[in-house]
Amino acid sequence: MEPTKFPVNRALNVIGGKWRPQVYCALEEGPKRFSELEREIPEINRKVLTDQLRELEQLGMVKRTEYSGKVLHVQYELTEEALTLQPMMKSLCKWGMDECEAGE
């Protein structure tokens, strides 16, 4: 079987990387504007955040909604498919916190 055919590789493609888990966590509580995401993940630069959001949108994990009016604004939110990842993401966060505490 090709490595790309393994289900775990699909999952890692969707959640893997330095910034994706943080984007998922930032959007966990509901839709946010780009500037809100920047404040929640201050270490990420604008280009990287933009790229991550686009990639997650292409993967079907993030929904981008434009609101027109006097000032155009955009909100990002997790899709239903992405929300199915939340139990796993919470487990990974707990595991990471437990490991940090064990190493202290």
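For reference, positions follow the sequence shown, starting with 1. Side chains included, hydrogens not; waters and symmetry mates left out as well; all remaining heavy atoms used.
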Report task. Measure the spacing between CG of Leu92 and CD1 of Ile15 and express it to the nearest 0.5 Å. Result -> 5.5 Å
Query raised in the report: Mind checking whether Glu29 and Leu27 have side chains closer than 4.5 Å, heavy atoms only?
Result: no
Report summary line: On a heavy-atom basis, the closest approach of Gly16 and Pro21 is O-CD, 4.5 Å
Query raised in the report: Any Lys/Arg nitrogen of Arg46 or Glu38 sitting under 4.0 Å from an Asp/Glu carboxylate oxygen of the other?
Result: yes
Query - Side chains of Glu66 and Val74 in contact at under 4.5 Å (non-hydrogen atoms) - result: yes
Query - salt_bridge(Lys32, Glu40) N-O dist < 4.0 Å - result: yes
**Report entry** Check: Gly60 main-chain N/O paired with Thr79 side-chain donor or acceptor under 3.5 Å
**Finding:** yes
Report task. Evaluate the side-chain proximity of Leu85 to Leu78: yes if any heavy-atom separation is below 4.5 Å, no if none is. Result -> no
Requested in this report: Identify the heavy atoms of Lys47 and Asn45 that sit nearest to each other, and give their distance.
Outcome: N-OD1, 3.1 Å
Query raised in the report: How many angstroms lie between atom CG of Leu49 and atom OG of Ser35, to the nearest 0.5 angstrom?
Result: 10.5 Å
Report task. Output yes when a side-chain donor or acceptor of Gln86 lies under 3.5 Å from a complementary backbone atom of Leu83, and no otherwise. Result -> no
**Report entry** Check: Glu28 side chain, Tyr24 main-chain N or O, donor-acceptor pair, under 3.5 Å
**Finding:** no
Query raised in the report: Do Trp19 and Val48 come close enough that some side-chain heavy atom pair is under 4.5 Å?
Result: yes
Report summary line: CD of Gln75 to OG1 of Thr65, rounded to nearest 0.5 Å, is 7.0 Å
Query raised in the report: Measuring from Arg33:CZ to Tyr67:OH, what's the distance to the nearest 0.5 Å?
Result: 9.5 Å
Requested in this report: Give, for atom CD1 of Ile44 and atom CD of Gln52, the distance between the pair rounded to the nearest 0.5 Å.
Outcome: 6.0 Å
Query raised in the report: Could you state the interatomic distance from CD (Glu55) to OG1 (Thr50), rounded to the nearest 0.5 Å?
Result: 11.0 Å
Query raised in the report: Is the backbone N or O of Leu53 less than 3.5 Å from a side-chain atom of Arg64, with the two atoms forming a donor-acceptor pair by type?
Result: no
Query - pair Glu77-Val62: side-chain heavy atoms closer than 4.5 Å - result: no
Requested in this report: Would you mind reporting whether Leu59 and Arg20 have side-chain heavy atoms less than 4.5 Å apart?
Outcome: yes
Report task. Spell out, yes or no, whether Met88 and Leu12 are grouped together once hydrophobic residues are joined by side-chain heavy atoms under 4.5 Å, including indirect joins. Result -> no
